[in-house]
J.: 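Questions regarding the structure given below will be posed in turn.
Only heavy atoms go into these numbers, but all of them, side chains included; no hydrogens, no water, no symmetry mates. Remember, it's 1-based here, ligands and their atoms both numbered in the order they're listed.
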Amino acid sequence: MTTVAQADTIKTLTTHYIDGVFVESHGREVMDVIKPTNGKVIARVTLGDEEDTRRAIAAAKRAFAEFNRTTKEERSRYLRQLHEAVSARIDDLTDVMIEEYGGVARFARLIVESGVTAFAAAEKGLQELPLKQSWGKTTVTLEPVGVAGLITAWNANALFICLKLASALAAGCTVVIKPSEMSSLQTRVMVEALNAAGLPSGVYNVVTGLGTTVGAELVRNPDVAKISFTGSVAVGETIMRDGAATMKRVTLELGGKSPTIVLDDAALDKAIPSALILAFLNSGQACAAGTRLLVPKSRLAEVKRAIQEGMRAYTVGDPADSSIMVGPMVSQKQYERVESYIRKGIEEGAEVLVGGEGRPKGLEAGYFVKPTVFVNVKNDMTIAQEEIFGPVLSVIAYDSEDEAIRIANDSKYGLHSAVMGTDLERARRVASQLRAGRVVINNMTDDPQAPWGGFKYSGVGREYGKYGIEAFLEPKAILE
Ligand code: NAD
């Protein structure tokens with residue numbers, strides 16, 4: 001057995017949030033929370049079990065009887081209360097995100113702020129969505145689907161909780177949230193913030209626990225009508241398969257291997273820094289990360305120089321330091337996963353331009369890897385096909401625009417893409433041919449009313465704005 005060092009003070013978390021109050025866990029299993037910058041235990045969390053989950057589902061079901069009849073105005077008011085309550089804790093949420101999983105300061109704050117924005121965006125989306133339409137003798141209403149199970153990944157837990165909760169409540173659903181067990185400290189601060197909003201009891205409930213216990217109970221339970229999930233393809237497949245037994249509606253936000261196409265007319269002094277931001281977003285632990293960089297063969301030498309220059313900014317170290325661009329991987333397992341892909345890239349014949357295997361000098365204690373850029377990558381190599389979920393970029397050279405589009409689409413994923421070029425008409429033409437749920441032109445940008453979600457293995461359904469709310473609604477027609 002390996003022993004793990006402990007921090008001087010260790011927090012303990014033993015409660016879930018059910019029916020408007022913090023209650024002691026029925027589940028007894030205890031999990032260590034390990035700080036990724038030094039590998040020390042900083043907290044112990046008592047995990048929920050199936051019984052905790054069933055209690056939370058029962059509370060959500062009781063609350064649904066009232067909540068599903070609330071008006072748009074009432075739900076809008078609740079969304080404003082949540083917006084205000086979570087806004088008040090932005091600093092705390094950012095700090096705990098940095099501590100618990102090593103998210104770099106600038107990205108952590110952005111994630112938390114996006115979560116806050118989600119409440120305002122859902123309020124706007126709700127106003128734009130006609131919940132009742134009539135013609136002739138027909139009336140169609142959009143009704144809340146029922147109790148929803150919201151299951152999150154660890155890499156932006158605060159954002160996923162806010163986004164899914166905002167959409168579900170806007171639709172009139174009540175929920176049970178199962179946050180990633182690797183985000184227990186962040187979840188605790190989030191639940192304190194949500195609790196301060198003063199919503200009716202049982203409307204949202206939170207049970208922290210493992211996917212195979214709490215998550216599986218949500219997927220299996222006949223009183224849960226809908227699962228909204230963010231995580232890996234493997235678990236997404238399980239949810240779709242096991243949810244079929246109770247005809248669950250599902251929204252699945254899964255992985256990606258996003259291409260960034262640099263067109264031959266791109267200004268490299270702008271395009272490459274933008275491409276690097278996309279690639280190394282959240283230390284590469286981002287579903288949208290642009291981890292395949294497609295560049296014209298004719299400009300490969302220039303691109304390599306621009307990358308080497310640009311990568312000097314990608315400092316690795318303590319994520320609490322605001323000058324740091326790349327923090328540690330979330331866990332030992334994730335560290336080993338990223339290292340194994342770097343090894344695989346070398347074995348398959350790709351050339352390391354920047355970075356490589358092993359920990360950066362002076363950062364031996366935590367789960368740090370070297371931000372790595374491979375060149376001479378072929379799109380059929382493992383590092384170009386599989387999601388690594390770490391700071392590893394593959395540069396692939398192409399001969400023509402058509403070939404660039406073909407390579408970009410030659411992936412099982414289709415979540416996010418980017419096109420960089422000077423001629424905007426041309427960039428739009430290329431964007432229109434990419435099989436992805438979202439394409440950005442010339443820069444990473446966002447619009448909380450625009451849909452988010454994947455083609456192919458990147459998922460099923462959409463989140464954000466009115467699209468996200470629709471995912472929690474059922475159309476119902478009354479004909480006279
Ligand atoms: P994961 O699939 O391991 O876990 C996600 C959640 O599912 C966790 O809460 C986990 O406890 C739960 N879970 C595990 N087994 C379950 C089961 N059998 N039934 C129900 N729930 C179960 O993913 P992760 O490691 O937390 O996150 C990384 C993955 O998430 C990456 O693939 C990444 O691309 C993806 N992701 C996608 C998006 C998106 O918007 N598309 C955003 C962020 C992350």
J.: Indicate yes or no: does K178 engage D52 in a salt bridge with an N to O separation below 4.0 Å.
T.: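 Salt bridge flag = no for D52 with K178.
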
J.: Which residue and non-hydrogen atom of the protein lie closest to atom 7 (O) of ligand 1, and at what distance in Å?
T.: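 Checking every protein heavy atom, the shortest distance to atom 7 (O) of ligand 1 gives F229 CE1, 3.1 Å.
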
J.: To which of G231, G211, A153 does the heavy atom nearest atom 29 (C) of ligand 1 belong?
T.: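 It is G231 that holds the nearest heavy atom.
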
J.: Under 4.0 Å from a heavy atom of L415: give me the atoms of ligand 1 that qualify, with their elements.
T.: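 Atoms satisfying the 4.0 Å criterion: 41 (N).
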
J.: Short question: side chain of T372, backbone of G355 - any donor-acceptor pair under 3.5 Å?
T.: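 Checking the backbone N and O of G355 against the side chain of T372, no donor-acceptor pair under 3.5 Å is found.
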
J.: Can you tell which part of T230 has a heavy atom less than 4.0 Å from ligand 1: side chain, backbone, both or neither?
T.: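 Contact part for T230 vs ligand 1: both backbone and side chain.
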
J.: Examine the proximity of ligand 1 to E181 and report which part, side chain or backbone, both or neither, has a heavy atom under 4.0 Å away.
T.: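 Looking at E181 and ligand 1, just side chain atoms fall under 4.0 Å.
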
J.: Which protein non-hydrogen atom lies closest to atom 28 (C) of ligand 1, naming both residue and atom, and how far is it?
T.: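 Residue, atom and distance for the closest contact: F389 CE2, 3.8 Å.
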
J.: Using atom types as modelled and distance alone, determine if a side-chain donor or acceptor of N205 lies under 3.5 Å from a backbone N or O of D19.
T.: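 Confirmed, N205 side chain pairs with D19 backbone.
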
J.: Considering only the protein, which heavy-atom contact is closest to atom 25 (O) of ligand 1, and what is its distance?
T.: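 Going atom by atom, the protein heavy atom closest to atom 25 (O) of ligand 1 ends up being W154 NE1, 3.0 Å.
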
J.: Tell me: protein heavy atom nearest atom 31 (C) of ligand 1, and distance?
T.: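 Scanning the protein heavy atoms, the shortest distance from atom 31 (C) of ligand 1 goes to E387 OE1, 3.4 Å.
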
J.: Would you call R54-E51 a salt bridge at under 4.0 Å N-O?
T.: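 Yes, this pair counts.
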
J.: Which protein heavy atom lies closest to atom 23 (O) of ligand 1, and at what distance to 0.1 Å?
T.: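 Here the nearest protein heavy atom works out to S232 N, 3.4 Å.
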
J.: Could you list the atoms of ligand 1 found under 4.0 angstrom from a heavy atom of N155?
T.: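 Checking each atom against N155, I get 43 (C), 44 (C).
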
J.: Applying a heavy-atom cut-off of 4.0 Å, say which part of L254 lies close to ligand 1: side chain, backbone, both or neither.
T.: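 Looking at L254 and ligand 1, just backbone atoms fall under 4.0 Å.
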
J.: Less than 3.5 Å between some nitrogen or oxygen of T238 and one of ligand 1, yes or no?
T.: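 In this structure, T238 places no N or O atom under 3.5 Å from an N or O of ligand 1.
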
J.: Number the atoms of ligand 1 from 1 as they appear, then name those within less than 4.0 Å of a heavy atom of W452, with their elements.
T.: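 Contacts of ligand 1 toward W452, numbered from 1: 39 (C), 40 (O).
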
J.: Between K344 and E386, is the closest basic N to carboxylate O distance under 4.0 Å?
T.: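 So E386 does not pair with K344 through a salt bridge.
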
J.: Does NZ or CZ of K412 fall inside the cone over Y457's six-membered ring, less than 6.0 Å from its centre and within 45° of the axis?
T.: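 Yes, cation above the ring, under 6.0 Å and within 45°.
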
J.: Considering only protein heavy atoms, determine whether one is less than 4.0 Å from atom 4 (O) of ligand 1.
T.: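 No, no protein heavy atom sits under 4.0 Å from atom 4 (O) of ligand 1.
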
J.: Using only atom types and a distance under 3.5 Å, with no angle test, would you say the side chain of R89 pairs donor to acceptor with the backbone of M190?
T.: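 Between the backbone of M190 and the side chain of R89 there is no qualifying donor-acceptor contact (under 3.5 Å).
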
J.: Say whether G454 and ligand 1 are in contact under the criterion: heavy-atom distance to a ligand atom below 4.0 Å.
T.: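 G454: no contact with ligand 1 (<4.0 Å).
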
J.: Does only the side chain of T152 get under 4.0 Å from ligand 1, or the backbone, or both, or neither? Count heavy atoms.
T.: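 T152 to ligand 1: backbone contact only, side chain stays beyond 4.0 Å.
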
J.: So, does R292 use its side chain to make a donor-acceptor pair with the main chain of S394 at under 3.5 Å?
T.: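 No: the side chain of R292 does not pair with the backbone of S394.
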
J.: Taking only Lys NZ, Arg NE, NH1 and NH2, and the carboxylate oxygens of Asp or Glu, determine whether E99 and K11 approach each other closer than 4.0 Å.
T.: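 Yes, this pair counts.
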
J.: Step through it carefully: locate the ring centre of W452, locate the ring centre of F160, and say whether they are under 6.0 Å apart.
T.: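 No: the rings miss the under 6.0 Å criterion.
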
J.: Got a sec: does the CE of M31 have more than 12 other heavy atoms crowding it under 6.0 Å?
T.: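 Yes, the 6.0 Å shell around CE holds more than 12 heavy atoms from other groups.
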
J.: Show me which atoms of ligand 1 lie under 4.0 Å from any heavy atom of F160.
T.: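 Those atoms are 42 (C), 43 (C).
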
J.: Output the list of atoms in ligand 1 that are nearer than 4.0 Å to some heavy atom of G215, sorted by atom number.
T.: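 Near G215, the atoms of ligand 1 are 19 (N), 20 (C), 21 (N).
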
J.: Of all the non-hydrogen atoms in the protein, which one sits nearest to atom 36 (N) of ligand 1, and at what distance?
T.: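 Looking at atom 36 (N) of ligand 1, the protein heavy atom closest to it is C287 CB, 3.6 Å.
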
J.: Which atom pairs, donor and acceptor, lie under 3.5 Å between side-chain atoms of residues 227-235 and protein residues at least two apart or in another chain?
T.:
from : atom 1 : to   : atom 2 : distance (Å)
S228 : OG     : K164 : NZ     : 3.0
T230 : OG1    : K164 : NZ     : 2.9
S232 : OG     : V235 : N      : 3.4

J.: Tell me whether G209 has any N or O atom under 3.5 angstrom from an N or O of ligand 1.
T.: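 So ligand 1 has no N or O lying under 3.5 Å from an N or O of G209.
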
